[in-house]
Every structure is written in C-alpha cells, then in structure tokens.
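Here's the structure we're looking at; comments come further down.
Residues: numbered from 1 along the sequence shown.
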Amino acid sequence: MRQACPTRQLFAVPPPLEHISRPDCPIAQEPRQMSQPVKDAAARWVSHGPELFLSRGTVEIIETELQPVMPASTQPLVEDMLALARCYQQVAGIHELRFRLEKIDHDSCRRFHVDYVPLRLLCTYVGPGVQWRHASDQLVHKTPAGWLTLLKGKLYPGWEAERAVLHRSPPLSVLKAPVTRLLLTLDHVDACGTN
C-alpha cells in the first residue's frame, strides 16, 4: 500500500469532463486558471457575501435569486458560476439543478467518502480544493483552486464500488494560517443534505 507524503502536492489530471459518461471514468477534471477579475470577486464574496447561498431550479431561477444577495463588484464570479451551472446541465443531461455556494472556515467532511448523488461538480474559488483518491489506492491527490472536478456518486447508473473515487474537503486545521474556502457545489435538483 502506497502512502502519500503529506507535504507533497500531487496534481493528477483525470480525463476531461465530457468523459464522465464512460464506465471506466469515475472522476473527470478540468484544469483552469481563474482570471484576476474572478479571483478578486471571489475574495470580495468571502469578505462580504452570505455564509451560504442555496438554490434549486433552472440557471435562470438561480441567477434571479443570486442578484439580491451578491455583494458589489462580484459580477465576474457570478458569471463564472452560472457558466459552470450551464456546463453541468449539459454534462449531466438535466434542466434543473441544485446550486450551493458556501464559505468554509473549519474542517468539513474530513473522511473520504462517495456522495449519494448521480453526479457532483465541485469548484473551489478560494482556498485549497477537494482531495480525492481511488478506492483501490491510498494515494491522495490535491486539487488546485479554480479546477473543475466532476465525480460520480452512488446514484450514477452502473456505479461500481471497486471503481469509485472517494473525496473529502481538505482539512483546514492543519494549515499554518486561517483560511476560508469558497466552494461551489452543483448537483441534481433532488440532491439533499450538505454532502
């Protein structure tokens, strides 16, 4: 059994998002660099935005509900998140979705797990991104901020435990300085709970 060195940053790049429909593809990622306007807007959201924004429906409904709560000068972030919501709609083949934007300043979901959803898209705008590993391997991969991560959950048709990818939120208590993450989670509209 291989053990990951905790001080080593591992960037593994699985297939791109559109490959998630393949039976042998439990995770897909898209590396990307966020633009400076999006980074600045995300930082402003962390400073002035709500702790949690949760909405369900079409992208148009989500956009309408975002407008009254978004802090000033965060339009580039909102536009990026809505673009990701449209991408998720297309990849998941759905019309409505669940949209969750959350500020996290504590250890959340420290245990590696598989979600009870069909597909989940994660994007961390501020702070460390999701950590993941294959069910058959102990090697932990760390995702940079801005990258898109699409994971098959237990409700995905044909999901197999032996091919699963487990993930967790990065532990923040081990960091040298306090960090507040800004995490976007996109799911099917009937997803429940905070997982």
Side-chain angles (χ1 to χ4, degrees), residues 9 11 13 16-18 28-92 94-109 115 117 119-132 142-151 167-189 191 193-195:
Q9 189 85 342
F11 300 123
V13 184
L17 300 186
E18 62 269 17
Q29 286 191 306
E30 182 177 315
R32 65 178 196 147
Q33 291 290 325
M34 291 183 289
S35 69
Q36 196 60 50
V38 171
K39 289 180 183 178
D40 293 344
R44 280 190 290 274
W45 192 290
V46 169
S47 297
H48 305 293
E51 297 294 314
L52 172 67
F53 173 82
L54 180 62
S55 180
R56 297 172 195 263
T58 64
V59 174
E60 293 74 23
I61 289 171
I62 293 164
E63 181 175 16
T64 300
E65 293 181 355
L66 267 169
Q67 294 303 320
V69 300
M70 59 183 277
S73 305
T74 56
Q75 190 62 37
L77 171 65
V78 171
E79 289 172 3
D80 191 74
M81 293 188 299
L82 293 174
L84 294 187
R86 290 184 186 95
C87 173
Y88 177 79
Q89 277 182 311
Q90 183 175 1
V91 172
I94 58 174
H95 183 62
E96 296 184 332
L97 63 146
R98 186 182 82 143
F99 181 107
R100 180 183 180 94
L101 181 65
E102 177 178 22
K103 294 192 283 190
I104 304 168
D105 61 3
H106 59 282
D107 289 350
S108 170
C109 293
D115 296 311
V117 297
L119 275 178
R120 173 161 287 176
L121 189 145
L122 301 169
C123 179
T124 304
Y125 283 97
V126 176
V130 65
Q131 295 181 352
W132 61 272
K142 298 178 181 182
T143 306
W147 283 30
L148 309 183
T149 301
L150 191 61
L151 293 156
H167 69 281
R168 71 175 182 182
S169 295
L172 300 182
S173 61
V174 300
L175 302 178
K176 293 179 181 176
V179 172
T180 298
R181 300 174 67 221
L182 184 63
L183 174 66
L184 175 67
T185 304
L186 303 176
D187 288 307
H188 282 57
V189 70
T194 58
N195 292 339

Any chance you could lay out the side-chain contact (heavy atoms from CB on, under 4.5 Å) test for Val126 and Val179, step after step, and finish with the verdict? CA-CA 9 Å; Val126 176; Val179 172; 5.7 Å; no
Working to the nearest 0.5 angstrom, can you tell me the gap between Thr149 OG1 and Leu121 CG? 7.5 Å
Going by atom type alone, with no hydrogens or angles, which donor-acceptor pairs under 3.5 Å involve a side-chain atom of residues 64-77 and a protein atom two or more places apart or on another chain?
{"from": "Thr64", "atom 1": "OG1", "to": "Glu60", "atom 2": "O", "distance (Å)": "3.0"}
{"from": "Glu65", "atom 1": "OE1", "to": "Ser55", "atom 2": "OG", "distance (Å)": "2.4"}
{"from": "Thr74", "atom 1": "OG1", "to": "Pro71", "atom 2": "O", "distance (Å)": "2.6"}

Atom pair CG (Leu148) and OG1 (Thr124), whose distance is rounded to the nearest 0.5 Å: 10.5 Å
By side-chain hydrogen bond (donor to acceptor under 3.5 Å, both in side chains) - contacts of Gln131 (at least two apart): Arg168
How many angstroms lie between atom NE2 of His167 and atom CG of Asp115, to the nearest 0.5 angstrom? 3.5 Å
Heavy-atom side-chain proximity of Leu54 to Arg98 below 4.5 angstrom: yes
Using a 4.5 Å cut-off on heavy atoms from C-beta on, say whether the side chain of His188 contacts that of Leu119. yes
What I'd like to find out is whether the side chain of Tyr88 reaches to under 4.5 Å of the side chain of Leu150, using heavy atoms alone. yes
Would a distance-only check, ignoring hydrogens and angles, find a side-chain to backbone donor-acceptor pair under 3.5 Å from Lys103 to Gly49? yes
Can you check whether Glu18 reaches Glu30 side chain to side chain, under 4.5 Å on heavy atoms? no
Which of Asp187, Thr185, Leu186 passes side chain to side chain contact (heavy atoms under 4.5 Å, CB included) with Phe99? Answer is Leu186
Could you grab the distance from atom CD1 of Ile62 to atom CZ of Phe53, nearest 0.5 Å is fine? 7.0 Å
Minimum heavy-atom separation for Val91 to Leu17, with atom names? CG1-O, 4.1 Å
Under a 4.5 Å cut-off applied to non-hydrogen side-chain atoms, are Leu122 and Trp147 in contact? no
So which atom in Val59 and which in Ala85 form the shortest heavy-atom distance, rounded to 0.1 Å? CG2-CB, 3.9 Å
Separation of Leu151 CG from Trp132 CH2 (nearest 0.5 Å): 9.0 Å
Backbone of Pro128 reached by a side-chain donor or acceptor of Arg181 within 3.5 Å: yes
What I'd like to find out is whether the side chain of Leu84 reaches to under 4.5 Å of the side chain of Met81, using heavy atoms alone. no
Over all atoms of both residues, closest heavy-atom pair of Gly146 and Cys123: O-SG, 3.8 Å
Take Leu183 and Val130 through the test side-chain contact (heavy atoms from CB on, under 4.5 Å) and record every step on the way to the result. CA-CA 9 Å; Leu183 174 66; Val130 65; over 6 Å; no
Are the side chain of Arg56 and the backbone N or O of Val189 linked by a donor-acceptor pair below 3.5 Å? yes
Shortest non-hydrogen contact from Ala145 toward Tyr125: CB-O, 4.3 Å
So salt bridge (charged side-chain N to carboxylate O under 4.0 Å, His left out) across residues 66-87, not counting sequence neighbours, yields Arg32-Asp80
Please check if the side chain of Glu102 supplies one atom and the backbone of Leu52 the other of a donor-acceptor pair under 3.5 Å. no
